[in-house]
Amino acid sequence: MSFGGITAEAIKTAAKAYPKPAVHYTYGTAGFRTKGDLLPSVMFRIGLLAVLRSKVLGKTIGVMITASHNPEIDNGVKLVEPMGEMLKQSWEGYATELANAETEDAMLDSLKKVIAEENIPMDVNSSVVVARDTRPSGDLLVKALLDGLNVMKADIKNYDMLTTPQLHYMVRCINTKGTPDAYGEPTTDGYYNKLYAAFKKFVVGKPKLSQLHVDCANGVGAPKLKELIKVMGNDIDIKVENDQITTKGKLNYKCGADFVKLYQLQPEGMELKPGYRACSLDGDADRIVYYYIDNDNKFRLLDGDKIASLAAGYIMDMAKIANIQVPREDGSKSPLKIGVVQTAYANGSSTDYLRNKLNVPVPFTQTGVKHLHHEALKYDVGVYFEANGHGTVLFSDAAINAFKTTKGATPEQENAIESLKGLTELINQAVGDAISDMLLVEAILTVRGWTLEQWNSQYTDLPSRQEKVKVSDRTQFKCIKADTELAEPKELQEIIDNEVKKYPNGRCFVRPSGTEDIVRVYAEANTAENADKLNYTISGIVFDKFGGVGERPSYYL
Ligand code: G16
């Protein structure tokens, strides 16, 4: 069999440089993730698969090499669909099968299977864009990926270093160029100019916020944020912190959004005093959390739930004033349908605030932005954020059209419509984007004239504690009900149910991570002491009875 004019021999020969190690790979929450030195064979094969995906859709596909919040030694890869979404779920299985083919012949069989099942026209061209984060293993992995793409004769554009959301943006721009949905210029300047133009409309003529300290996790967000600042000039006051991208061992180490959210501590490597405004990006700049030190010297975190609440509150206010009527398929018209999508990690107080104060529907999905994104598409305005700071706001085509065609009867109404329109430009529609989300938060705070304290006072988080437990086999844990319960091991779920009853407002769940070789234990309760107790009881049981490895979980610090 020939693969669109390329012989099986040619592919096998190129693959010989990347033998598969004795490892089982899974395309998980955010693609493949493991130690960087275990990934060359996966990269080569993902190159082959990206070509097939591009051919079957007749569009440009993205490949991002990153392990985001994971330790520096890890790396990973994920495919990006034409509009900037995550890979279609049925193809995750193909990716997993291809990555695990033990021999070159098995690899070719796996490719043939995809071609036959998906009826892929092998004689059409393929186009793939590539980027990576700052990880030291990135160089070698890009080479393996390019070898896979080249042997299949793909048209390749290599952007070198980008944030993950920038790569998603590029893919969407390339695929929509010259259409009525044109998203922008597929360059970093195009990206900065688009965000800046949208941001400027919100803040013009309003008092400027004080300096924002941005912890970039010593990752790719640092150089990219510096480029944005150059474009924005005096319209924003940002101090870039933790920008040591070439110092070994620094990436995500005791800094970045994941560290800050998990441990509810300020990052190392930056000064934080009462009165400072601060936020943290993660290693590839797709997550963001805000924080400050209050007058009692207490660390206060504004996580993804708070960002969702800020965004939803503002959008609901604007929608009410704008009084937009959206045309429906049956010929009727009705007000904007707004929803906020959350996961089991959302703080109970945030769900309560959204449902009972803002009166918005709050559906829950499994963890993983691909699940939230899918659910958010059911609304005219679908706000979705994971508590870890990963999220965005999606606007339906019908809503965007209604914003464009509705004329306000009063200046106030006109202004509200313009604000909604502005949000569609400011917020990355392809994927959760820390830099775009940061500008969204800054824009809303500027318009509202709010401090971080005022934002934080919308509702009070229930105390919570999250832990990571290392076990010998995390696949023994099987979640159901949007990750809130375990189907297996049953015995552990029974223990959790009994423990939770001991604490007012108690809630606890155990879930295997899809990006790290650990199990996550989340607990919340009426007091910090109780949340900690509940967590450490369950974490201890997971460790003791279900194959704990290494150090038994104990209080951090
Ligand atoms: C990725 C996913 C997120 C998910 C996170 C943690 O984020 O995109 O949706 O919440 O991993 O997933 P898990 O709990 O399965 O490890 P990132 O920022 O690492 O790409």
Side-chain angles (χ1 to χ4, degrees), residues 26-34 62-72 74-81 84-87 89 92 131-135 162-168 216-217 219-221 251-252 255-262 280-289 303-305 307-308 341-346 364-376 384-392 428 430-435 437 466-471 474-475 477-479 482-484 509-522:
T26 309
Y27 197 101
T29 320
F32 292 110
R33 282 209 192 155
T34 184
V63 185
M64 183 71 202
I65 298 182
T66 177
S68 190
H69 72 276
N70 291 45
E72 184 172 296
D74 287 0
N75 215 323
V77 63
K78 62 178 175 185
L79 290 180
V80 177
E81 296 266 297
E85 324 90 297
M86 301 294 186
L87 179 65
Q89 222 156 334
E92 292 182 3
R132 70 173 183 100
D133 67 14
T134 56
R135 278 160 214 273
L162 288 181
T163 69
T164 295
Q166 283 179 328
L167 189 268
H168 286 250
C216 294
V220 66
L251 177 69
N252 292 328
C255 62
D258 196 58
F259 171 85
V260 171
K261 167 67 184 161
L262 202 58
S280 285
L281 319 181
D282 70 341
D284 65 339
D286 58 6
R287 301 193 203 172
I288 184 166
V289 294
D303 61 5
D305 302 335
I307 298 174
V341 188
Q342 294 193 318
T343 72
Y345 294 101
F364 272 64
T365 70
Q366 272 171 272
T367 290
V369 281
K370 60 189 174 201
H371 302 294
L372 290 99
H373 191 98
H374 186 71
E375 187 65 29
Y384 74 83
F385 269 90
E386 294 184 305
N388 63 24
H390 203 165
T392 191
N428 192 329
V431 77
D433 179 342
I435 291 180
D437 289 340
Q466 205 193 129
E467 267 305 318
K468 300 181 186 188
V469 186
K470 195 153 171 54
V471 292
R474 71 190 202 278
T475 61
F477 302 92
K478 307 252 187 282
C479 294
D483 297 334
T484 54
F509 64 90
V510 172
R511 175 186 161 267
S513 162
T515 61
E516 297 174 69
D517 189 14
I518 48 119
V519 172
R520 300 191 193 281
V521 178
Y522 178 88

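Along the sequence shown, residues carry numbers from 1. For ligands, and for the atoms within them, numbers begin at 1 and follow the listed sequence.
- No side-chain heavy atom of His168 sits under 4.5 Å from any side-chain heavy atom of Met64.
- Between the side chains of Ser68 and Asp282, at least one donor N or O lies within less than 3.5 Å of an accepting N or O.
- Counting only heavy atoms from C-beta outward, the side chains of His390 and Tyr384 never approach each other to under 4.5 Å.
- Between the side chains of Thr164 and Asp286, no donor N or O sits under 3.5 Å from an acceptor N or O.
- Ionic pairing of Lys261 and Glu386 is not present here: no N-O contact between side-chain nitrogen and carboxylate oxygen is shorter than 4.0 angstrom.
- Between Glu85 and Val80 there is no side-chain heavy-atom pair separated by less than 4.5 Å.
- Residue Ile288 forms a side chain to side chain contact (heavy atoms under 4.5 Å, CB included) with just one option from Asp303, Asn388, Leu281, Ile435, and that option is Leu281.
- Contacts between Asp258 and ligand 1, counted as non-hydrogen atom pairs separated by less than 4.0 Å, are absent for every part of the residue.
- Side-chain contact between Asn252 and Asn70 is absent, with no heavy-atom pair separated by less than 4.5 Å.
- For Lys78, no nitrogen or oxygen atom sits less than 3.5 Å from a nitrogen or oxygen atom of ligand 1, counting backbone and side chain alike.
- For ligand 1, the polar-atom distance check against Arg520 finds a nitrogen or oxygen pair separated by under 3.5 Å.
- Judged by distance alone, the side chain of Arg511 and the main-chain N or O of Phe477 form no donor-acceptor pair under 3.5 Å.
- The shortest N or O to N or O distance between Gly514 and ligand 1 is below 3.5 Å.
- Here's the thing with Thr367: none of its N/O atoms is less than 3.5 angstrom from an N/O atom of ligand 1.
- Judged by distance alone, the side chain of Thr66 and the main-chain N or O of Asp133 form no donor-acceptor pair under 3.5 Å.
- When atom types are taken as modelled, the side chain of Asp305 and the backbone of Ala346 share no donor-acceptor pair closer than 3.5 angstrom.
- The backbone and the side chain of Val369 each have at least one atom closer than 4.0 Å to an atom of ligand 1 (non-hydrogen atoms only).
- Checking only distances, Glu516 never comes within under 3.5 Å of ligand 1, N or O to N or O.
- Using a 4.0 Å cut-off between heavy atoms, Thr66 makes no contact with ligand 1 at all.
- A heavy-atom separation below 4.0 Å is found between Arg511 and ligand 1.
- In this structure, the side chain of Thr26 does not engage the main chain of Gly28 through any donor-acceptor pair within 3.5 Å.
- For ligand 1, the atoms lying closer than 4.0 Å to a non-hydrogen atom of Gly368 are 9 (O).
- Close approach to Arg33 involves these atoms of ligand 1, each under 4.0 Å from a residue heavy atom: 17 (P), 19 (O), 20 (O).
- The pair Arg33-Asp74 fails the salt-bridge criterion, with no side-chain N (NZ, NE, NH1 or NH2) lying under 4.0 Å from an Asp/Glu carboxylate O.
- Within ligand 1, counting atoms from 1 as listed, the ones closer than 4.0 Å to a heavy atom of Asp282 are 18 (O).
- Which of Ala285, Gly31, Ser68, Gly432 comes nearest to atom 17 (P) of ligand 1 through a heavy atom is settled by distance: it is Ser68.
- Considering both main-chain and side-chain atoms, Asn70 never comes within under 3.5 Å of ligand 1 through any nitrogen or oxygen pair.
- The residue Thr164 has no part lying near ligand 1, judged by heavy-atom distances below 4.0 Å.
- Ligand 1 has no N or O atom lying under 3.5 Å from any N or O atom of Asp284, backbone or side chain.
- Closest protein heavy atom to atom 11 (O) of ligand 1: Thr515 CG2, 3.4 Å.
- Taking every non-hydrogen atom of His69 and a distance limit under 4.0 Å, the qualifying atoms of ligand 1 come out as 17 (P), 19 (O).
- Those atoms of ligand 1 with a heavy atom of Asp286 less than 4.0 angstrom away are 18 (O), 20 (O).
- The contact set between ligand 1 and Ser513, taken as ligand atoms under 4.0 Å from a residue heavy atom, comprises 13 (P), 15 (O), 16 (O).
- Scanning all protein heavy atoms for the shortest distance to atom 8 (O) of ligand 1 gives His390 CE1, 3.2 Å.
- Looking only at protein heavy atoms, the nearest one to atom 9 (O) of ligand 1 is Glu386 OE1, 2.6 Å.
- With contacts defined as side-chain heavy-atom distances shorter than 4.5 Å, the pair His374/Thr365 does not qualify.
- What sits closest to atom 7 (O) of ligand 1 on the protein, heavy atoms only, is Arg287 NH2, 3.5 Å.
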